[in-house]
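A, B, ... follow the sequence lines: proteins, then strands. Residue 1 opens every chain. These numbers come from a predicted model, not from an experiment.
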Number of protein chains: 2
Amino acid sequence: MTSANVDMFKTLDPEHAGTTSEGVVTQLREMIHRGELRPGDRLPPERDLAKLLGVSRPTLRAGIRSLAAVGVLQSRQGAGTFVVKSDGPPSLDSSPLRLMASLHGFTSAEMFEARMSLEMAVAGLAAERATGDHMATMAEEVAGMYASLGDPEQFLVHDVRFHQTIAASSGNRILTALMNMVATILFETRIKTVKRATDLKESAEMHRHIYRAIREHNPEAAREAMHDHLIRAKMAWDLEEPHDLEHAPPNGSNGNGASS
Amino acid sequence: MTSANVDMFKTLDPEHAGTTSEGVVTQLREMIHRGELRPGDRLPPERDLAKLLGVSRPTLRAGIRSLAAVGVLQSRQGAGTFVVKSDGPPSLDSSPLRLMASLHGFTSAEMFEARMSLEMAVAGLAAERATGDHMATMAEEVAGMYASLGDPEQFLVHDVRFHQTIAASSGNRILTALMNMVATILFETRIKTVKRATDLKESAEMHRHIYRAIREHNPEAAREAMHDHLIRAKMAWDLEEPHDLEHAPPNGSNGNGASS
DNA sequence: GGCCGTAAATGGTCATACCTTGCTTCGTGT
DNA sequence: ACACGAAGCAAGGTATGACCATTTACGGCC
């Protein structure tokens with residue numbers, strides 16, 4: 001800590017007005033997108049890093065906390081603080097959206113419509129760009145659905161993977177992230193009601209339609225098939241007891257999820 | 001603090017596992033979406049609130065910081081901490097997306113495509129639902145563009161307002177928020193290059209096409225007009241010098257912005 | 001050589017003090 | 001009586017230091 005290693009952590013210039021902890025956030029952000037800190041990297045211990053940046057530990061912690069809240073950093077007690085390693089597709093934390101939903105009283109219908117628009121857009125792009133590998137995976141998942149008609153939970157797994165494969169083959173990670181953000185919120189309230197299977201066969205059929213449209217590189221058909229699929233899913237959904245977007249799980253889980 | 005006022009701040013149950021500060025976040029979130037704290041409200045002073053929740057001030061501050069980072073709370077030194085008052089449409093902070101962009105090296109083309117998909121979806125919905133008021137506003141903004149052909153900055157103002165009016169008339173605040181999130185990032189790098197006007201007349205024409213499609217309640221035409229518009233905007237955009245998504249402004253500004 | 005325990009490393013929490021900034025109120029001057 | 005300004009108070013921001021909880025890693029023991 002005394003001398004050597006890296007001096008890439010320059011003590012922050014007080015000129016950058018604003019509060020000190022904001023300065024820390026700025027410093028860390030710049031280090032990240034300058035490539036000095038890359039996904040998966042571990043930050044120096046808080047005590048050291050605080051000295052290196054010339055701030056106190058609480059102030060540094062405040063900055064880290066801010067970045068952790070938006071999903072860029074992750075701290076594990078006893079282990080260290082890490083730049084989030086997104087192994088799969090990049091993902092955005094859905095808790096801000098969830099908060100906004102409760103703050104403004106969004107209906108689940110509105111949320112569902114947003115998801116539908118995003119899924120349709122993604123399906124359209126996927127129809128233009130899906131590679132052979134992607135389509136093979138989709139076909140497998142569809143087959144998996146047919147094979148799981150008696151096991152709703154297993155069916156749901158294939159369902160989610162199918163939608164994520166579509167997102168992946170859209171080639172647009174931003175849309176994918178946004179779609180997952182919305183889908184996650186819907187998913188969290190849905191997973192509890194999955195037990196009561198609702199016409200899994202029809203659902204599998206519709207997924208197959210989507211797959212075939214993508215397979216034929218027909219964006220319009222893909223969009224339409226996705227539209228039909230989600231419309232029916234919503235209708236089945238609406239038959240269940242009232243779903244509140246209100247009771248979000250306590251912790252702002254960041255997981256991805258897409259449902260039928 | 002001793003007795004009376006409100007005891008809606010119940011000391012948090014330690015049962016909810018996780019770290020203490022996460023518990024604080026949970027408490028505050030639930031208070032918000034239970035309606036005990038509403039937009040614009042001011043939280044009790046940190047020292048009091050810490051006692052009420054049964055945690056120390058640093059821990060409480062950590063929780064507040066997390067919520068502030070995602071744009072739900074805002075603290076002003078000397079004044080207090082407030083639940084963010086969103087006067088206009090709800091908006092999501094774009095800094096997480098910006099961070100994700102630098103983390104994964106998103107190209108501006110990808111960002112642009114995401115925006116196009118969102119704008120097309122929104123335009124389609126707007127064509128189905130826009131009210132007379134909305135359309136009147138759109139018409140005014142289009143007129144404003146024609147009137148500002150010699151003043152790029154003024155033109156841009158009308159441009160932004162036009163797109164936001166479309167978003168508003170889509171009736172889906174979630175898609176609107178997501179669209180603004182993406183548009184903001186593009187906008188921030190664009191506002192610097194606005195000075196060099198590029199075919200404002202053509203741009204105004206295309207906006208008029210969009211308007212007319214919406215006016216005629218023709219979703220497909222609206223989507224297509226928006227598509228053409230953004231394709232051309234992107235082409236003009238690509239002619240400029242290399243735009244880096246990298247140099248985001250130091251502070252994670254939360255403003256809304258949509259450009260042509 | 002593999003397994004388990006202990007110790008060091010590291011983030012999480014707490015208590016306290018002091019500084020900086022807004023806001024408010026009281027006093028003075030016009 | 002009104003207006004302006006200065007002082008005091010309130011509230012968030014930062015710093016210091018200590019201790020707790022957990023994870024990791026090293027080393028001894030079987």
(message) Measuring to OP1 and OP2 of C:dT10, would you say a side-chain N or O of A:Thr81 lies under 4.0 angstrom away?
(response) no
(request) May I have the distance from B:Glu22 (atom CD) to C:dG12 (atom P), rounded to whole angstrom? (result) 9 Å
(request) List the atom of A:Leu125, the atom of B:Glu113, and the distance in Å for their closest heavy-atom pair. (result) CD1-OE1, 3.6 Å
(message) Quick check on C:dT13: is either OP1 or OP2 less than 4.0 Å from any side-chain nitrogen or oxygen of B:Ser21?
(response) yes
(request) Using whole Å, report how far CG of B:Leu60 lies from P of D:dG12. (result) 9 Å
(request) Let me know the distance between CZ of B:Arg61 and C1' of D:dT14, rounded to the nearest Å. (result) 8 Å
(request) Would you kindly give the CZ-to-P distance between A:Arg57 and D:dC20, to the nearest whole Å? (result) 14 Å
(request) Return the value, rounded to whole Å, for the distance between atom CG of A:Leu67 and atom P of C:dG11. (result) 15 Å
(request) Could you tell me which non-hydrogen atom of A:Ile166 sits nearest to which non-hydrogen atom of A:Met138, and how far apart they are? (result) CG1-SD, 4.0 Å
(request) Would you mind reading off the distance between B:Arg65 atom CZ and D:dT14 atom C1', rounded to a whole angstrom? (result) 11 Å
(message) Using whole Å, what does the distance between atom C1' of nucleotide C:dT10 and atom CG of A:Leu49 come to?
(response) 13 Å
(message) Using a distance-only criterion (donor-acceptor N/O pair, under 3.5 Å, no hydrogens), is the base of C:dG22 paired with the side chain of B:Arg76?
(response) no
(message) Quick check on DNA chain C: between A:Gly78 and A:Pro58, whose nearest nucleotide comes earlier from the 5' end?
(response) A:Gly78
(request) Please state how far atom CG in B:Leu73 lies from atom P in D:dG13, giving the value in whole angstrom units. (result) 11 Å
(message) Taking the minimum atom-to-atom distance to the side chain of B:Ser56, which one of C:dG11, C:dA15, D:dA15 wins?
(response) C:dA15
(request) Quick one: closest heavy-atom pair of B:Ser94 and B:Thr184, and the distance? (result) OG-CG2, 3.8 Å
(message) The side chain of B:Gln77 is closest to which nucleotide in this list: C:dC14, D:dG12, D:dT22?
(response) D:dG12
(message) So if I take every side-chain heavy atom of A:Ser75 and compare against C:dT13, C:dG11, D:dT24, which nucleotide ends up nearest?
(response) C:dG11
(request) Answer with yes or no whether A:Arg47 presents, from its side chain, a donor or acceptor under 3.5 Å of a partner atom in the base of C:dG11. (result) yes
(request) For A:Pro45, answer base if it contacts any base atom (sugar-phosphate contacts may also be present), sugar-phosphate if it contacts only those atoms, and nothing otherwise; contact means non-hydrogen atoms under 4.0 Å. (result) sugar-phosphate
(request) Return no unless some side-chain N or O of B:Thr59 is found under 4.0 Å from OP1 or OP2 of C:dC14. (result) yes
(request) For the residue pair A:His134 and A:Thr131, confirm or rule out a side-chain donor-acceptor distance under 3.5 Å. (result) yes
(message) How close do B:Met179 and B:Ala167 get, counting heavy atoms only, and between which atoms?
(response) CE-CB, 3.9 Å
(message) Between A:Ala79 and B:Glu46, which residue's closest nucleotide on DNA chain D lies nearer the 5′ terminus?
(response) B:Glu46
